[in-house]
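We count ligands from 1, going down the list as the structure has it; atoms in each ligand are counted the same way.
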Amino acid sequence: MTNSIIQLDDVSFSYDHSLVLDKITLQVNEGEFWALIGPNGSGKSTLINIILGLLKPSRGKLELFGENIDTFKERERIGYVSQKSNSFNTGFPATVLEVVRSGLTRKKGLLKRFTDADRKRALDALQMVGMASFADQSIGELSGGQQQRVFIARALVGEPDLLIMDEPTVGIDQQNVASFYSMLNELNREHGIAIVLVTHEIDLVTDLATHVACLNRTVHFHGMQSDYKKMDDADISKWYGHPVRRVHSQTSEVE
Ligand code: ADP
Ligand code: MG
């Protein structure tokens, strides 16, 4: 049996009178890695905010881990990394370890002291994103890509079952983006963490994701990565609103 993590049923959303999401039905199950793609303004961030409980659907139903969003209490099961998190300037005083450990405060409450066990958990989370050797450095000294890995460790320190990221590679050097994505792939495969990743980088990410959802106010396609790859570029361009040409990976050319 597959366990549903996110179940959106006919969910619509409007800001004032403009309909931004129209009857979205989508299910994310345990262990899956979803790439959520779509042009600017297609409603991706709005949909994420609905899943996070920050916006309330105008209609439709949303369940998280099989529980209606209105009564869902296990927020710590969801780790979230926003678009704008990697903006620490040089000189910001916190160390990498402190930033990651701060991800535990929601669980512990602000006034509790951190224990050795907390330190160990923060180091484990840093290990998962390949940043353990940076633990004592100041966060401000790191590159954008390294900082973003630290924010993912911060989201992971509470041991979530689902990691949601909204365009996490904005501000990361192009040469580091591929290794960033393969790190996400490892988190998904080796640690079984379900991932929902909002991205523009269609080619890079659709090789790593197990599932793809194409959003532009409605869901134009959702399904397995292999089926997404079988679609014509012309069909994708139609819903994207401008020409899209996917670079096919070597593995898909060989078949
Ligand atoms: P994406 O993340 O795909 O770029 P968004 O979800 O941010 O898209 O936005 C979808 C649409 O909703 C856009 O047309 C945007 O202008 C509009 N929108 C986003 N946020 C707000 C807001 N707070 N108030 C009114 N309209 C908004
Ligand atoms: Mg957005």
Handout entry: Any residue meeting side-chain contact (heavy atoms from CB on, under 4.5 Å) with Leu55, in chain and number order, not counting sequence neighbours
Key = Phe13, Tyr15, Thr46, Asn49, Ile50
Completion exercise
Met183 and Met128 have their tightest heavy-atom pair at CG-O, 4.3 Å
Fill in the blank from the handout: dist Leu21:CG -> Ser14:OG (nearest 0.5 Å) comes out at 8.5 Å
Problem - Pair listing, salt bridge (charged side-chain N to carboxylate O under 4.0 Å, His left out) test, anchored in residues 39-62, at least two apart - result: Asp10-Arg59, Lys56-Asp70, Lys61-Glu63
Please tabulate protein-ligand N/O pairs under 3.5 Å for ligand 1, atom names and distances to 0.1 Å.
| from | atom 1 | to | atom 2 | distance (Å) |
| --- | --- | --- | --- | --- |
| ligand 1 | 2 (O) | Ser45 | N | 2.9 |
| ligand 1 | 2 (O) | Ser45 | OG | 2.9 |
| ligand 1 | 3 (O) | Ser42 | N | 3.1 |
| ligand 1 | 3 (O) | Ser42 | OG | 3.3 |
| ligand 1 | 3 (O) | Gly43 | N | 3.1 |
| ligand 1 | 3 (O) | Lys44 | N | 3.0 |
| ligand 1 | 3 (O) | Lys44 | NZ | 2.8 |
| ligand 1 | 4 (O) | Gly41 | N | 2.8 |
| ligand 1 | 6 (O) | Thr46 | N | 2.9 |
| ligand 1 | 6 (O) | Thr46 | OG1 | 2.5 |
| ligand 1 | 8 (O) | Gly43 | N | 3.2 |
| ligand 1 | 20 (N) | Tyr15 | OH | 3.4 |

Handout entry: Contact check: Thr46 to the Mg ion (ligand 2), N/O/S below 2.8 Å
Key = no
Handout entry: Side-chain donor or acceptor of Asp161 paired with backbone N/O of Arg77 under 3.5 Å
Key = no
Fill in the blank from the handout: Sequence neighbours excluded, the answer for ring-ring contact (aromatic ring centres under 6.0 Å, His included) partners of Tyr240 is His242
